[in-house]
A.B. asks: 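Sharing a structure with you now.
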Amino acid sequence: MENKRVLSFTVEKGDEGERLDKTVCAYAPELSRSFIQKVLDDGGVTVNGKPKKKSYPVEEGDEITVTAPELKEIEAQPQDIPLDIRYEDDCLLVVNKPRDMVVHPAPGNPDGTLVNALLHHCKGSLSGINGVIRPGIVHRIDKNTSGLLIVAKTDEAHISLASQIQAHSFTREYRAVVHGKFKELTGTVDAPIGRNPNDRKKMCVTQLHSRNAVTHYEVLEAYRNFSFVKVRLETGRTHQIRVHMAHIGHPVAGDDVYGPKNGVSMGGQCLHAGLIGFIHPKTKEYIEISSELPEYFTAFLDKISKQQ
């Protein structure tokens, strides 16, 4: 029997009138357009419980459900790759991911990922909620972002942690170096994020097919052309910090996607997931784990401090 995965979402205000196929593409950016078209053709997309044509104009409040076959073309294999584990018990672990490591296999990165390393370390004991491609992965950080990531060993732990993220009770703090100086030392960026209509590989602040996104920041140190900031995520959208910082005119240093074309080149953005806090799924105690700044980050801080 073929395994299925189900995605559900509600059409938000401002998105009404758009074609069903384009709406699904916007709300499920992890799925390719060709894959979505096939699922639609096979009757795998329903609106309020009933199948609709791909040209159906969606309405605000429509409940859209996508029932799709699991992607099977990539199945992660265990690989003996060293891991920097900061916490571990029988239902979860917290790993400190280095920059340049991809979280899970994907076209172009079939192995050498964090998931490959986790499968070897955990001997297969990872939650199966996200299937064979992303076992145990509750949330992700970009390839070129370093820092802490929580991994679920059991389905129960996965559900609990995902619920905390959904309820915004899961603490995620980052450290970043961004371009420019701030007029205010603290602030909040509350701007919806969606897929860039001109480049599906990029995200952007937009009202069209977007989801609410909130980022809080605090300036820790100001330099001549840069600022060292602490950033706390209230929501967790794809590329959220990078998009929001660029949106307010302070792109992350080293970001070759959202930063200036003549920006700093350092093999990735200067962004580190330095702290996570959560309610333990089993003990119900609050746990907070932090990670020191990596060498690439401190070296850049030292460099810009000398330019004062």
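A quick note: this is a predicted structure, and the numbers were derived from the prediction, not measured. Note: hydrogens, waters and symmetry copies are ignored here, and every other heavy atom, side chains too, is used.
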A.B. asks: Given Lys303 and Met266, is the side-chain contact (heavy atoms from CB on, under 4.5 Å) satisfied, shown in steps?
C.D. replies: CA-CA 12 Å; Lys303 178 181 177 181; Met266 63 175 74; over 6 Å; no
A.B. asks: Taking atom CD of Glu184 as the centre, does the number of heavy atoms from other residues, nucleotides or ligands within less than 6.0 Å exceed 12?
C.D. replies: no
A.B. asks: For the pair Asn48 (side chain) and Glu63 (backbone), establish whether a donor and an acceptor sit closer than 3.5 Å, ignoring hydrogens and angles.
C.D. replies: yes
A.B. asks: I'd like to know if Lys230 pairs up with Glu218 as an ion pair, taking the criterion as any Lys NZ or Arg NE/NH1/NH2 lying under 4.0 Å from an Asp or Glu carboxylate oxygen.
C.D. replies: yes
A.B. asks: Only pairs under 3.5 Å count here: list side-chain donor-acceptor contacts from residues 255-262, not counting sequence neighbours, and write none if there are none.
C.D. replies:
residue: Asp255; atom: OD1; partner: Arg242; partner atom: NH2; Å: 2.9
residue: Asp255; atom: OD1; partner: Val257; partner atom: N; Å: 2.9
residue: Asp255; atom: OD1; partner: Tyr258; partner atom: N; Å: 3.1
residue: Asp255; atom: OD2; partner: Arg242; partner atom: NE; Å: 2.8
residue: Tyr258; atom: OH; partner: Met203; partner atom: N; Å: 2.9
residue: Tyr258; atom: OH; partner: His239; partner atom: ND1; Å: 2.7

A.B. asks: Under the ring-ring contact (aromatic ring centres under 6.0 Å, His included) rule, what pairs show up with a residue in residues 176-195, not counting sequence neighbours?
C.D. replies: His179-Phe226, Phe182-Tyr217, Phe182-His250
A.B. asks: Any chance you could measure Leu161, atom CG, to Ile276, atom CD1, to the nearest 0.5 Å?
C.D. replies: 9.0 Å
A.B. asks: Within the side chain of His244, is there an N or O that forms a donor-acceptor pair under 3.5 Å with the backbone of Ala191?
C.D. replies: yes
A.B. asks: Rounded to the nearest 0.5 Å, how far does CZ of Arg232 lie from CD of Glu173?
C.D. replies: 7.0 Å
A.B. asks: Keeping Gln79 on the side-chain end and Gly112 on the backbone end, is there a donor-acceptor pair under 3.5 Å?
C.D. replies: yes
A.B. asks: Is the NZ or CZ atom of Arg175 positioned over Phe297's six-membered ring, under 6.0 angstrom from the centre and within 45° of the axis?
C.D. replies: no
A.B. asks: Listed by chain and number, what are the side-chain contact (heavy atoms from CB on, under 4.5 Å) partners of Asp21, not counting sequence neighbours?
C.D. replies: Arg19, Gln37, Leu40, Lys54
A.B. asks: Keeping the roles fixed (side chain from Ser227, backbone from Gly180), state whether a donor-acceptor pair exists under 3.5 Å.
C.D. replies: yes
A.B. asks: Quick one: does Arg224's side chain have a donor or acceptor within less than 3.5 Å of a partner on Gln307's backbone?
C.D. replies: yes
A.B. asks: What verdict does the side-chain contact (heavy atoms from CB on, under 4.5 Å) test give for Arg237 and Ser210, after you've listed the backbone C-alpha separation in whole Å, the side-chain angles of each residue and the deciding distance to 0.1 Å?
C.D. replies: CA-CA 10 Å; Arg237 311 307 178 205; Ser210 58; over 6 Å; no
A.B. asks: By side-chain contact (heavy atoms from CB on, under 4.5 Å), which residues pair with Ser291, not counting sequence neighbours?
C.D. replies: Arg86, Asn96, Leu148, His272
A.B. asks: Can you list the residues that meet the side-chain contact (heavy atoms from CB on, under 4.5 Å) rule with Gln166, with sequence neighbours excluded?
C.D. replies: none
A.B. asks: Per the side-chain contact (heavy atoms from CB on, under 4.5 Å) rule, which among Ile193, Val252, Thr215 passes with Val243?
C.D. replies: Ile193
A.B. asks: Do Asn144 and Asp142 come within less than 4.5 Å of each other through their side chains, counting heavy atoms only?
C.D. replies: no
A.B. asks: Quick one, Phe9 and Val24 - any side-chain contact, counting heavy atoms below 4.5 Å?
C.D. replies: yes
A.B. asks: Taking the side chain as everything from C-beta on, heavy atoms only, tell me whether Ile241 gets closer than 4.5 Å to Leu233.
C.D. replies: yes
A.B. asks: Output the distance between atom CG (Leu83) and atom CG (Leu118), rounded to the nearest 0.5 Å.
C.D. replies: 5.5 Å
A.B. asks: Looking only at atom types and distance, does a side-chain atom of Ser160 sit under 3.5 Å from a main-chain N or O of Ala157, one as donor and one as acceptor?
C.D. replies: no
A.B. asks: Please determine whether the number of non-hydrogen atoms from other residues, nucleotides or ligands lying under 6.0 Å from atom CD of Gln207 exceeds 12.
C.D. replies: no
A.B. asks: What distance separates Lys38 NZ from Asp41 CG, expressed to the nearest 0.5 Å?
C.D. replies: 8.5 Å
A.B. asks: Do side-chain atoms of Gln240 reach the backbone of Val214 as a donor and acceptor pair under 3.5 angstrom?
C.D. replies: yes
A.B. asks: Show your working on side-chain contact (heavy atoms from CB on, under 4.5 Å) between Glu12 and Tyr27 and close with a plain yes or no.
C.D. replies: CA-CA 10 Å; Glu12 298 179 0; Tyr27 279 76; 3.7 Å; yes
A.B. asks: What distance do Asp100 atom CG and Thr145 atom OG1 have between them, rounded to the nearest 0.5 Å?
C.D. replies: 10.5 Å
A.B. asks: Roughly how far, to the nearest 0.5 Å, is CG of Leu119 from CG of Leu114?
C.D. replies: 9.5 Å
A.B. asks: According to side-chain contact (heavy atoms from CB on, under 4.5 Å), who are the partners of Glu88, at least two apart in sequence or on a separate chain?
C.D. replies: Ile85, Leu93, His121, Lys153
A.B. asks: Judged by atom type as modelled, is there a donor-acceptor pair below 3.5 Å linking the side chain of Lys52 to the main-chain atoms of Pro57?
C.D. replies: no
A.B. asks: Tyr56 vs Asp62, test: side-chain contact (heavy atoms from CB on, under 4.5 Å). Steps then yes/no.
C.D. replies: CA-CA 11 Å; Tyr56 166 77; Asp62 275 349; 2.9 Å; yes
